[in-house]
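Here's the structure, in structure tokens; my notes come after.
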There are 2 protein chains.
Amino acid sequence: MGINERKEREKEVLQKSILTAAREVFLEKGFDQTSIRSIAQRIEYSPTTIYLYYKDKDAILYALHTEGFQLLGSKMEVLSMVENPLERIKAMGRVYIQFAMDHPDYYDLMFVQKSPMNKLDEDHEVWQEGMSTFEGLKFSVQQCMDQGYLPFTDVEAGSYMLWSTLHGMCNLYDRGRCKVLDEEKSEQIVDLGFAEFLKMLDAFGC
Amino acid sequence: MGINERKEREKEVLQKSILTAAREVFLEKGFDQTSIRSIAQRIEYSPTTIYLYYKDKDAILYALHTEGFQLLGSKMEVLSMVENPLERIKAMGRVYIQFAMDHPDYYDLMFVQKSPMNKLDEDHEVWQEGMSTFEGLKFSVQQCMDQGYLPFTDVEAGSYMLWSTLHGMCNLYDRGRCKVLDEEKSEQIVDLGFAEFLKMLDAFGC
DNA sequence: TTGGAAACTTAACAGTGTTAAGTATATTTG
DNA sequence: CAAATATACTTAACACTGTTAAGTTTCCAA
């Protein structure tokens, strides 16, 4: 009885085309303009059909957030080649900032917006995407601590602080808080801040 | 002709009562629930009356954001007593984090939400509140650089990076991204992260 | 051919920011 | 003093939002 299997496949196709439409709207028009109705219009279905494939809007945004983590993960992957753990952390930082600048909407969804987290809370799930990525940082930080590059007391607290520095720079920039600086400087501030961050990492070990 | 003056006073009273109502709703129900209608209901006026006193919702949120900066400023004031510039920066950090924890809604409005910044863009104004506060940090960072406590290349970039570290920790915490840690630890993570931050500041100078 | 399940839509609810037009009230003018 | 005007405020509406209950169409099996 292959009919049910075909139907299953068709359902999957529509589910994926909803996600594709959501991604297109999201990347073209941004988070605020990504409405159920705008997604529905793109696939030429009624808005309510979407609810037959996704529980609610949060579920769609969660799926997009996961895509973002896959994209970030693919860019982080190559850094396992870097032998020196401190250099690896520096390279991770560079990749992280570059990702935030290249894909500000994905970044916002992954690390700022509450919507994707709501989905986790509803389903009593753990934040696998975030945990895996953070694990990657923790691993390198632990190596740095073992080899005396970073004198943290607590791996997790230290990793969290380093992550926060980069996140803070990206988020303050994205949310227009670089207006504390003059226009010319505010455009370079994330790079300039990252330069100071690197200097700090080097000095920290001694 | 005191009649016009009386009317002016009455207009000011209503403008202030709108802001008071907005503040109450904002602090009681949070950012998302702070609607023009909910504010109007509280002062027993129609929603449209509010537009006679504030250009739009962004203008109200900007006014609330300014209140937040006054509150933060009052807590920062006393730190001018601290003689040692590095100790002063550490104390500023503590106050900053405490403020973010005590008043998460104000903090979000001041440093994360785009609404108050929209108002600035519309009116072609500078972000006076942010600039003043950042100036306070820059002053102490410059002193630290002069006295060899902090080897930054660029005062502004260094100050921005330090600010970002604290902002990042507060924002990631507020937006539920501490889910990368187990529940017990995520509750203390901002304090633990700040402890590592302090350690970094001390090590950085040597 | 009929019954029923599955897929999808229509219409509606309750909410949002915002604006045009209308209504009172108070003040100024002829 | 009465008419005209300016001020203050409200009503109703527009164009959206996420979401759901109820209705319709389509498809497959008995």
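Below, chains carry the letters A, B, ... as their sequence lines are ordered, and counting in each starts from 1. Computed from heavy atoms alone, side chains included, the values below leave out hydrogens, waters and symmetry copies.
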Length of the line joining [X]:[atom1] and [N]:[atom2], which is rounded to integer Å:
X	N	atom1	atom2	answer
A:Lys11	C:dA5	NZ	P	16 Å
A:Ile60	D:dT17	CD1	C1'	14 Å
A:Tyr45	D:dT25	OH	P	17 Å

Heavy-atom donor-acceptor pair, B:Arg37 side-chain to C:dG15 base, under 3.5 Å: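 Under the 3.5 Å cut-off, the side chain and the base do not form any donor-acceptor pair.
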At 4.0 Å (heavy atoms only), tell me whether [X] reaches a base, stays on the sugar-phosphate, or touches nothing.
X	result
B:Leu14	sugar-phosphate
A:Tyr53	sugar-phosphate
A:Tyr51	base
B:Ser46	base
A:Ser115	nothing

Would you find a donor on one side and an acceptor on the other, under 3.5 Å apart, between the side chain of B:Thr49 and the backbone of B:Tyr45?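 Side chain of B:Thr49 to backbone of B:Tyr45: no pair is present.
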Does C:dT9 have OP1 or OP2 under 4.0 Å away from a side-chain N or O of A:Thr48?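 No, outside the criterion.
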Under 4.0 Å between a side-chain N/O of B:Lys57 and OP1 or OP2 of C:dT18, yes or no?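 So the side chain of B:Lys57 is outside the cut-off, no N or O lying under 4.0 Å from OP1 or OP2 of C:dT18.
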Check whether the ring centres of B:Tyr107 and B:Tyr96 lie less than 6.0 Å apart, and answer yes or no.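 They qualify: ring centres under 6.0 Å apart.
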Please confirm whether the ring centroid of B:Tyr160 lies under 6.0 Å from the ring centroid of A:Phe197.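 Ring centres of A:Phe197 and B:Tyr160 not closer than 6.0 Å.
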Quick one: do A:Asp58 and A:Lys114 make a salt bridge, cutoff under 4.0 Å?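 So A:Asp58 does not pair with A:Lys114 through a salt bridge.
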